[in-house]
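Labels below follow one simple rule: chain letters A, B, ... track the order of the sequence lines, proteins then strands, and each chain is numbered from 1. The figures here come from the full heavy-atom set of this structure, side chains too, leaving out hydrogens, waters and symmetry mates.
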Protein chains: 2
Amino acid sequence: MSKSWPGLVTHYRDRLRLSPHAPAITLLEGNTPLIPAPKVAERLGGDCEVFLKYEGLNPTGSFKDRGMTAAISQAVADGARAVICASTGNTAASAAAYAVRAGLECMVLIPDGKIALGKLAGAIAYGAKVIAISGSFDDGLRMVREVADRTQIALVNSVNPARLEGQKTAAWEVCEQLGRSPDWLCLPVGNAGNISAYWLGFTECGDCSCGSKPQLLGAQAAGSAPIVTGIRVDNPETRATAIRIGNPARWQQALTAIEESKGTILSVTDEEIFSAYHFLARKEGVFCEPSSAAGVAGLIKSVDAGRVVVKDKRIVCVLTGHGLKDPDSAVADAPEPTRIEANLDALMRVIDA
Amino acid sequence: MSKSWPGLVTHYRDRLRLSPHAPAITLLEGNTPLIPAPKVAERLGGDCEVFLKYEGLNPTGSFKDRGMTAAISQAVADGARAVICASTGNTAASAAAYAVRAGLECMVLIPDGKIALGKLAGAIAYGAKVIAISGSFDDGLRMVREVADRTQIALVNSVNPARLEGQKTAAWEVCEQLGRSPDWLCLPVGNAGNISAYWLGFTECGDCSCGSKPQLLGAQAAGSAPIVTGIRVDNPETRATAIRIGNPARWQQALTAIEESKGTILSVTDEEIFSAYHFLARKEGVFCEPSSAAGVAGLIKSVDAGRVVVKDKRIVCVLTGHGLKDPDSAVADAPEPTRIEANLDALMRVIDA
């Protein structure tokens, strides 16, 4: 069963719009688990099934690897001499890893001072050239687009169409794992590449047996919710750093996906995001990064408000990145460990045994 | 292909010594990628094939999940009211996650002040009760063994035989992924549970088509190499925290595995470990925790010294944990990011385009 998973470019090759001669630059990404979430289902009132698509188990710890294997494979086919991206962290790590795999230099632009350690650690570990700009993610994206226009350096942000080709495969995996399409698919929305890619995947799922398409539920952080409010956010703010994006590149495409799917997009507060984040780790045993929990937070909020009815529905929540991407958030509100001497009596006392 | 991976207890159920009525407490662990490592092969002189068994892609970020799904499943069958372990970090995170999944309380003992942030973050995130002791891992292990003897609290360290039942499945996956047994299997050795489990797996691999068994190459950190030197280390020291263990619980079993496999065990310095760690990330695009790189470091050292001949051999190196477990090590020696203003001219200058 496991033996021959070849990575998603090879596995889905004939369904991806990539150059025929593009090599598969792979770290065997994709094929991530779909974990049952009975406690979330219970929180929603029961009478439904909930699953977590745990994208944090991609090689660099986030869903970005799906798009990156495709984008870097295409960049090699196109003769790029290097790759560049703007990033809140996850894209940087992924671009850096796949660039290594392809033997290309990688440069990443990050907003100075606002990136979680675990995320920057990835890009640094893989040897990327990290450039911190005194500006936002959106500033960085504008800059790298201009660089790509003027040079032989390939842009690997999700404005690169190959990225969506790779990312859409997650929709197919979900259908294969469930045996059919879910009724709802819930996910965080930042730059809106992922929601666009999932919708692309579901609409191209004609040759699988999933039947109908899901309704999409997108969640933005309240301090960074341009698609919800219809207004670009010049200084987006949220502790969910991966979706701190004020001017999404795939804004219109996301709106189309939500409309076509008869779905919804809403904003969730940081408090609601972190509440879902802790719930997932402490009740389901699934540790994701804070932004990943936004989809679950949005689902809970929508159901509580009566805007979404989940009775008898099968719901998939996409957890976009691993909790280890942002260890600081995990330890931030935690009590200090209990400290004891190294003897049995001391231990028996604290465990109350 | 991916759709029905049910986690390793269910997948391998009839080959694991667990109570028949034990439920499968699972996060869909196992089924991890075996990534080709052409640059390592080149470093060894070519004429061989090298693969990385990337165990960091288990749900909590390390191979410990394999043993833990089995141990917690068995603990539930045994009617445990809680679980406890001593840990250098990875076991703690894994025990905490699977305890959540089973609805059991989890207590973890860690050596105070010597655990990497990413590792402690896991246990904290999953809501474990973390107890820091003024002693070593070995002290902690002694203490939790005594607690388990006196209470209804299940010990889930690798002295628990169910742990090895789960962990041995990695050997089977390797054989299935390669289509046969590797010639060498290289891995880090700390408490020696993993090397014992792999050997158990390979010796029980009779009904798969792998044929012969691999030679095992175990690597211990030079400051914490009791099995290599034959002398217990009272104050083990290494920056590879996951293998900082001076009195391995599976010491004799590891020696037997090495002897029976006609393998070898050697010590590698922290410098050699970190050199391999950086090589894997920067040349192969695979980011592991420092201790995980010890197997690769030991392989390189043995080949350079002429102690192991790899011509025409197929070699698997086990990377036991994800690099995100220890982000501090990734950023420790790294140059600061280049800082620039958010404008195109500044960017064009630094990328030399």
Side-chain angles (χ1 to χ4, degrees), chain A residues 1-3 5 27-28 31 33 35 57 59 61 97-98 100-101 107 110 112 117-118 120-122 124-127 130-135 139 143 146-147 151 153 173 176-177 281-287 322-325 327 330-331 334 337-342 344 347-348 350-351 353, chain B residues 1-3 5 27-28 31 33 35 57 59-61 97-98 100-101 107 112 117-118 120-122 124-127 130-135 139 143 146-147 151 153 173 176-177 281-287 322-325 327 330-331 334 337-342 344 347-348 350-351 353:
Chain A
M1 180 178 289
S2 66
K3 62 183 146 195
W5 179 257
L27 287 163
L28 308 185
N31 194 26
I35 303 175
L57 296 194
Y98 285 83
V100 164
R101 210 68 196 165
M107 291 164 283
I110 59 166
D112 201 358
L117 175 67
L120 203 52
I124 291 169
Y126 297 117
V130 177
I131 302 164
I133 61 165
S134 57
D139 294 327
M143 291 163 69
E146 289 172 8
V147 165
T151 67
I153 301 173
E173 280 185 19
E176 288 166 19
Q177 289 169 314
R282 294 175 193 167
K283 301 296 180 186
E284 298 287 9
V286 179
F287 182 32
H322 202 287
L324 290 172
K325 285 281 191 169
V331 300
T338 304
R339 294 197 154 77
I340 62 169
E341 293 301 304
L344 185 63
L347 179 58
M348 291 295 273
V350 300
I351 67 178
Chain B
M1 179 177 289
S2 65
K3 62 183 145 193
W5 178 258
L27 289 163
L28 308 184
N31 193 26
I35 304 175
L57 297 194
T60 76
Y98 285 82
V100 164
R101 209 66 196 168
M107 291 165 282
D112 200 0
L117 175 66
L120 204 51
I124 292 170
Y126 298 118
V130 178
I131 303 163
I133 60 164
S134 58
D139 295 327
M143 291 163 69
E146 289 173 10
V147 166
T151 67
I153 301 174
E173 279 185 20
E176 289 166 19
Q177 289 170 314
R282 294 173 192 167
K283 302 295 180 185
E284 298 288 8
V286 179
F287 181 33
H322 201 287
L324 291 172
K325 285 280 191 171
V331 301
T338 305
R339 293 197 154 77
I340 62 169
E341 294 299 306
L344 185 63
L347 179 57
M348 292 296 273
V350 298
I351 68 179

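With a 4.5 Å cut-off on side-chain heavy atoms, B:Leu27 and A:Ile35 count as touching. Looking at heavy atoms from C-beta onward, A:Ile351 lies in side-chain contact with B:Ile131 at the 4.5 angstrom threshold. A heavy-atom distance below 4.5 Å is found between the side chains of A:Met348 and B:Thr151. The shortest side-chain heavy-atom distance between A:Ile340 and B:Met143 falls under the 4.5 Å cut-off. B:Lys325 has its side chain within reach of A:Leu324: a pair of non-hydrogen atoms, C-beta onward, lies under 4.5 Å apart.
The ring pair (Phe, Tyr, Trp, His ring centres under 6.0 Å) search around B:Tyr98 returns none, not counting sequence neighbours. Remark: B:Val100 pairs with B:Tyr126 by the side chain to side chain contact (heavy atoms under 4.5 Å, CB included) rule, at least two apart or across chains.
Scanning both residues, A:Gly122 and B:Phe287, for their nearest heavy atoms gives CA-CE2, 4.1 Å. In this structure, B:Ile124 and A:Ala334 approach most closely via the heavy-atom pair CG2-CB, 3.1 Å. Between A:Arg339 and B:Asp112, the shortest heavy-atom contact is NE-OD2, 2.9 Å. Shown here for A:Ser134 and B:Ala342, the closest heavy-atom pair between the two residues is OG-N, 3.5 Å.
A donor-acceptor contact shorter than 3.5 Å links the side chain of B:His322 to the backbone of A:Pro59. A donor-acceptor contact shorter than 3.5 Å links the side chain of B:Arg101 to the backbone of A:Glu284.
Atom CD1 of A:Ile133 and atom OG1 of B:Thr338 lie 13.0 Å apart (nearest 0.5 Å).
Interface remark: of the candidates A:Ala97, A:Pro337, A:Gly135, A:Pro337 forms the most heavy-atom pairs closer than 4.5 Å to chain B. Listed options B:Glu146, B:Arg282, B:Met107 were ranked by heavy-atom pairs under 4.5 angstrom with chain A; first place goes to B:Arg282. For the set B:Ala281, B:Gly127, B:Ala330, the count of heavy-atom pairs under 4.5 angstrom toward chain A peaks at B:Ala281.
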Exercise for review: Could you walk me through whether B:Asn31 and A:Asn31 pass the side chain to side chain contact (heavy atoms under 4.5 Å, CB included) test, one step at a time?
Suggested key: CA-CA 9 Å; B:Asn31 193 26; A:Asn31 194 26; 3.7 Å; yes
